Amino acid sequence: MKTKQKYIVTSALTYANGYTHLGHIAGSLLPADIYVRYRRLNGDDIIYVCGSDEYGTAIEMSAIKEGVSPTEIINKYHEANKKSYADLGISFDIYSRTSNPSHTETAREFFKVLYDKGILYEKTDQQLFSEKENRFLADRFIEGTCPVCGYEEARGDQCENCGSSLSPLQLINPKSKISGDTPVIKDSKQLYFPLSKYQDDLNQWLSAKKNWKPNVINYCKGWFKTGLQDRAVTRDLDWGIKVPIDKYKDKVIYVWIEAPVGYISATKDLFTERGEPDKWKEYWQQPDTKLIHFLGKDNVIFHAIIFPAMLMAHGDYVLVDNIPANEFLNMGGEKFSKSKGIGSVVKDVLKVYEPDIIRYAIASNMPENKDTEFNWEDVVNKNNNELAAILGNFVNRVVVFTKSKFDNVVPAKHHETQNEIFDEIKKAADLISSHFEKFRFKDALTETMNCARMANKYFNDNEPWNLIKNNQDKCAGVLNNCIQIIHSLGILFSPFIPFTSDKILNVLNKDMSVFTWDKIGEEVLKSGHRLGENHILFPQLELPKQTESAEQNQLITIDEFSKVKLKTAKVLSCEAVPKSKKLYKLKLKSGNIEKQIVSGIAEHYSPEDLIGKIVVIVDNLKSAKLMGIESQGMLLAAKNGSSLKIITVDGGMTDGANVS
RNA sequence: ACCGGAGUAGCUCAGCUGGUUAGAGCGUCGGAAUCAUAAUCCGUAGGUCGGGGGUUCAAGUCCCUCCUCCGGUACCA
């Protein structure tokens with residue numbers, strides 16, 4: 001018997017310094033989960049590992065700031081994020097953590113192999129040392145005067161005032177951010193990994209990767225062009241894994257060297273839990289295992305260059321097979337950030353929306369090729385117009401019909417009913433498979449939803465509500481087909497919205513026995529089988545008021561307001577824009593300047609109402625084209641529901657006056 | 001600064017190695033239908049593909065340049 005292809009899938013470890021936000025989900029968790037679920041439906045031999053990344057300066061810093069120990073920080077966020085992922089249906093085989101003793105051991109062992117092989121070398125560099133604290137200070141623990149602009153609170157790595165990149169040694173009058181102590185310069189010996197020596201091997205290895213995303217490949221090629229730099233792999237920090245060599249035992253392993261090894265440790269933990277402590281080797285140490293890293297674009301260099309180089313140096317492990325890196329998910333034009341936007345944190349989002357709705361909304365707008373936009377209106381619209389209207393409605397209309405006309409039992413097959421629908425669905429499933437193989441999840445989802453559209457069309461075209469009156473047997477056959485299709489849809493959708501698939505099985509009163517990819521388009525429910533109780537899969541949603549009030553409450557400063565130049569202007573002419581219901585093209589005079597503004601007020605005013613009026617305009621708005629007509633500003637109006645009134649001044653004012 | 005990526009219909013996005021009239025979903029407008037969560041199905045309109053040059057019989061797709069946005073590079077993780 002042929003041995004099955006083995007897969008290891010990883011999502012980038014989550015840094016346990018804050019709550020997971022939707023950007024992480026879009027970048028690495030959700031695509032990996034979708035992929036893994038698809039593979040499992042195919043019966044593939046796949047393990048999905050992830051965990052918390054729990055060492056490094058940032059966590060130490062947070063701990064100091066909050067006045068707690070690093071352990072408290074990581075425990076809090078590890079548990080919280082693990083729960084968020086579970087609630088969202090991310091189906092890890094294991095979600096481990098780098099603070100586990102097993103990881104410490106694995107990382108130290110890995111490090112020691114590199115050292116014993118003579119790969120690492122020592123180099124002395126200069127660092128700032130606080131005698132009061134008796135420790136070396138990492139860049140972000142240092143503050144001082146910027147040598148370029150004189151800003152007094154420049155950080156050790158960069159001046160926020162002038163943007164200059166700095167090294168802590170350049171700072172004038174450096175101070176420890178922790179104690180305020182003035183550090184001294186001290187020599188420190190560090191171990192380095194000779195990344196530059198691996199450039200040729202890496203280049204050759206990467207050149208053979210024909211099916212990688214071009215942006216990932218190009219990015220690496222760019223690195224080769226400038227030449228890889230050797231990297232320090234030790235740090236003078238407290239919060240980390242101690243270097244396993246006596247001479248350096250007061251140092252820790254640099255977190256980016258140690259963290260990726262966490263994928264290996266997590267796999268060990270997994271099989272230890274399963275009582276097969278050596279089985280991890282069958283994955284990590286078999287050359288034909290496919291290792292796939294899912295991650296965001298900020299992580300590419302570590303997974304495509306540094307980690308593979310380390311694995312090459314070590315020699316015992318499989319190298320990554322593919323890195324389907326995603327771009328970023330933005331929210332309201334801004335990128336996700338832990339410091340702002342409460343709504344973007346997974347645990348909060350799940351208080352408002354069902355996990356499948358979030359999964360669907362993100363999957364359908366996944367940043368596969370470029371940064372994408374995400375907003376709550378989209379989520380609501382996709383729920384109402386796609387999940388509820390197309391998928392939910394199909395299931396509901398079939399089940400309700402079956403209940404009222406066929407006593408909630410799968411009706412008998414009929415020889416006259418068209419069965420091409422099953423072929424179409426199988427064809428679609430093949431296409432969807434090929435999208436999954438290429439990591440094209442958005443396309444896969446589009447095609448999946450198209451299957452639900454096909455189902456609705458089949459129902460519409462056969463008009464069972466008419467058949468029931470004049471050809472009951474045929475009607476039964478159509479409904480039988482529809483019920484089989486629901487089961488297929490349950491399978492097809494399960495990588496994306498697994499909770500819904502469970503609900504579908506409940507509605508069908510069916511177990512998981514034939515819930516596999518090869519059963520798509522098959523007739524798996526026998527006539528006479530009694531259906532379960534019907535449930536609305538996706539209730540209609542309204543846009544939460546929260547979002548609106550959050551926007552309203554956002555305060556601005558007087559400086560920000562003064563950026564908006566408001567002026568009075570006189571309406572010289574006004575005409576309707578052809579083919580538009582709402583738009584008028586207005587010519588206005590503001591002082592000596594004439595402007596053309598396109599404004600959406602045609603439903604509320606007639607042109608003659610407006611001509612001669614003194615109105616208020618935004619004078620310095622970037623010009624834009626509306627219906628192909630240039631608009632050089634904006635006319636202010638008050639709007640409440642369907643009522644709209646333009647803003648005018650309280651009489652006796654000329655055009656061209658400033659409004660403030 | 002340098003390296004990589006992105007700028008395509010009102011909105012959110014596809015467009016693989018250059019090749020017939022630039023695609024999808026939503027939204028818009030119109031029609032059919034009424035079993036269904038007023039949910040479905042069919043059709044319509046809408047783009048000088050960021051600006052400007054160039055190569056080619058042919059460019060959204062290749063080259064140059066400019067503008068805007070994102071990520072990376074600094075022992076930040």
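First the proteins, then the strands, lettered A, B, ... as listed; each starts at 1. Since the structure is predicted, the reported quantities are computational estimates derived from the model, not experimental observations.
- Whole-Å rounding puts the A:Asn330 CG to B:rA6 C1' distance at 11 Å.
- Remark: C1' of B:rC75 and OH of A:Tyr192 are 6 Å apart, rounded to the nearest angstrom.
- Using atom P as the reference point in both B:rU61 and B:rG50, the two lie 8 Å apart (nearest Å).
- Note that CD of A:Glu368 and CG of A:Asn215 are 11.0 Å apart. Values are rounded to the nearest 0.5 Å.
- When heavy atoms are screened at a 4.0 angstrom cut-off, A:Ser404 is found touching no nucleic acid atom at all.
- In the set B:rC70, B:rC26, B:rA39, B:rC70 carries the atom at the smallest distance from any side-chain atom of A:Lys297.
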Run A:His103 and A:Tyr55 through ring pair (Phe, Tyr, Trp, His ring centres under 6.0 Å) and show every step you take. CA-CA 12 Å; A:His103 174 67; A:Tyr55 291 118; 7.2 Å; no
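- A:Asn456 has its CG atom 13 Å from the P atom of B:rU37, to the nearest Å.
- Checking side-chain atoms of A:Gln190 against main-chain N and O of A:Ala232 turns up no donor-acceptor pair under 3.5 Å.
- Nucleic acid contact class of A:Tyr55 (heavy atoms, under 4.0 Å, all strands): sugar-phosphate only.
- For B:rC26, the OP1/OP2 oxygens have a side-chain nitrogen or oxygen of A:Arg453 closer than 4.0 Å.
- Using a 4.0 Å heavy-atom cutoff across all strands shown, A:Glu386 reaches sugar-phosphate atoms only and no base atom.
- With both ends at atom C1', the span from B:rA39 to B:rG47 equals 31 Å, rounded to whole Å.
- Remark: A:Asn396 is not in phosphate contact with B:rA39, judged by side-chain N or O atoms under 4.0 Å from OP1 or OP2.
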Secondary structure of RNA chain B per the Watson-Crick/G-U criterion (both distances under 3.5 Å; [ ] crossing, | other strand, . unpaired) is (((((((..((((.....[...))))..((((.......))))......(((((..]....))))))))))))....
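- Between B:rU8 and B:rA24, the distance separating the two C1' atoms is 13 Å to the nearest Å.
- Spacing of P atoms, B:rG31 relative to B:rG18, comes out at 46 Å, to the nearest Å.
- With both ends at atom C1', the span from B:rG51 to B:rA33 equals 49 Å, rounded to whole Å.
- Nucleic acid contact for A:Asn381: none, since no nucleic acid atom lies under 4.0 Å from a heavy atom of the residue.
- For A:Val400, the side-chain atoms get nearest to B:rA36 when compared with the rest of B:rG4, B:rA36, B:rG27.
- You'll find that the side chain of A:Glu373 is closest to B:rU12, out of B:rC35, B:rU12, B:rU73.
- Between A:His293 and A:Phe307, the angle of the ring planes lies from 30° to 60°, which puts this pair in the tilted group.
- Just one residue in the list A:Lys442, A:Arg359, A:Glu386, A:Lys382 forms a side chain to side chain donor-acceptor pair (under 3.5 Å) with A:Ser364, and that residue is A:Lys382.
- With rounding to the nearest 0.5 angstrom, the CD atom of A:Glu447 is 4.5 Å from the CG atom of A:Leu431.
- Candidate nucleotides B:rC13, B:rA74, B:rG72 were compared by shortest atom distance to the side chain of A:Arg231, and B:rA74 ranks first.
- Taking the P atom of each, B:rA9 and B:rG52 are spaced 15 Å apart, rounded to whole Å.
- Residue side chain A:Asn393 does not reach the base of B:rU40 through any donor-acceptor N/O pair under 3.5 Å, judged by distance alone.
- A:Asn218 has a side-chain polar atom (N or O) that falls below the 4.0 Å cut-off from OP1 or OP2 of B:rG5.
- Of all nucleotides listed (B:rA14, B:rU37, B:rA24), B:rA24 comes nearest to the side chain of A:Thr446.
- OP1 or OP2 of B:rG4 has at least one side-chain nitrogen or oxygen of A:Lys225 nearer than 4.0 Å.
- Comparing the same atom, C1', in B:rG30 and in B:rC69 gives a spacing of 39 Å after rounding to whole Å.
- Contacts of A:Phe224 with the nucleic acid, taken as non-hydrogen atoms under 4.0 Å apart, are absent.
- In this structure, A:Phe401 forms no aromatic stack with the base of B:rC35, since the conditions of centre separation below 5.5 Å and plane angle below 30° are not both met.
- Residue A:Lys370 places its side chain closer to B:rU8 than to any other of B:rU8, B:rG27, B:rC75.
- Distance A:Met449 CE to B:rC26 P: 10 Å, rounded to the nearest Å.
- Nearest to the side chain of A:Asp443, among B:rA14, B:rA39, B:rG71, sits B:rA14.
- Within 4.0 Å of A:Lys457, counting heavy atoms only, lie sugar-phosphate atoms of the nucleic acid but no base atom.
- Note on A:Leu537: a base of the nucleic acid sits closer than 4.0 angstrom, heavy atoms only.
- Annotation: A:Glu354, atom CD; neighbour count of heavy atoms from other residues, nucleotides and ligands within 6.0 Å does not exceed 12.
- Across all strands shown, A:Lys405 has no heavy atoms under 4.0 Å from either base or sugar-phosphate atoms.
- If you check every strand for non-hydrogen atoms under 4.0 Å, A:Asp461 touches nothing.
- In this entry the distance linking NE2 of A:His303 with C1' of B:rG71 reads 16 Å, nearest Å.
- Residue A:Ile301 is out of contact with every strand shown, counting any heavy-atom pair closer than 4.0 Å.
- To the nearest whole angstrom, the two C1' atoms, one in B:rG4 and one in B:rU12, are 25 Å apart.
- Salt bridge annotation for A:Lys297-A:Glu327: present, with a cationic side-chain nitrogen under 4.0 angstrom from a carboxylate oxygen.
- Other residues, nucleotides and ligands contribute over 12 non-hydrogen atoms within 6.0 Å of the CD atom of A:Glu437.
- Rounding to the nearest 0.5 angstrom, the gap separating the NZ atom in A:Lys189 from the CG atom in A:Leu191 is 11.0 Å.
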